[in-house]
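The block underneath contains the structure these notes are about, expressed in structure tokens.
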Amino acid sequence: KSRISNNGFAMICNVSYVACDLSDEGWSDSLGDRGFKSDERAFGSLLGISYYLPKEAFKKLISRISKLWSKGSAICFDYPVYENGEEFNKNQELAAAANEPMQAKYSYKEMEMLLQECGFLISEDYDSQDATREFCEKYNANNPKHKIVAPIGVRYCLAIKNEE
């Protein structure tokens, strides 16, 4: 909640969850039916999506969002990187076994360029150590026998739309 407040989204009082198939070109048409206003700042979560889209499809998704959203809007998402830890390799195997193979990995620089080309700038970006420290520290202090950590080989990003 404080991260949202710190980025100017202090009064989130109108939240809509929109189920959609992001591979369908018409996914954004249903946003207006749910009260979306393109002239107001928006916040969206794309957690767990970038793994399963080829790079061009993910870029197309971010570009589509950018065309719909106003300046100052934000997206958060995670993305796989070129670090191949045992945990990340296990996750790849599990995804493939579920017929959802991971299709892309990124470097920080690649993601930064992709976002810039789509009109977004990175506001925050965490590797697994930073994310564990930032998001799990309080929980881990209160639950020392059941600590949680962010997975290796994944980065967490908050990007803000910087142009109309």
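Partners of Thr132 under the side chain to side chain contact (heavy atoms under 4.5 Å, CB included) rule, at least two apart in sequence or in another chain, are Cys136, Asn140, Val149, Ala150. Evaluation of the side chain to side chain contact (heavy atoms under 4.5 Å, CB included) rule for Arg133 yields Asp130, Glu137 as partners, not counting sequence neighbours.
Its side chain within the 4.5 Å cluster rule, Ile148 clusters with Tyr139 among the Ile, Leu, Val, Met, Phe, Trp and Tyr residues.
Checked for salt-bridge contact, Lys59 and Glu56 miss the test: no charged N lies under 4.0 Å from a carboxylate O.
Within the 4.5 Å cutoff, the side chain of Asp39 has no heavy atoms near those of the Ser70 side chain. Annotation: side chain of Trp69 is in contact with side chain of Phe36 (closest heavy-atom distance under 4.5 Å). At least one side-chain heavy atom of Cys157 sits under 4.5 Å from a side-chain heavy atom of Asp125. Contact check for Tyr126 versus Asp78: no side-chain heavy atoms found under the 4.5 Å cut-off.
Separation of the Tyr156 and Phe135 ring centroids does not fall under the 6.0 Å cut-off. For Tyr79 and Phe58, the distance between ring centers is not under 6.0 angstrom.
Within 6.0 Å of NZ in Lys67 there are 12 or fewer heavy atoms belonging to other residues, nucleotides or ligands. For Gln116, the CD atom is densely surrounded, since the number of other residues' heavy atoms within 6.0 Å is greater than 12.
Heavy-atom minimum distance, Val81 versus Val154: CG2-N, 4.1 Å.
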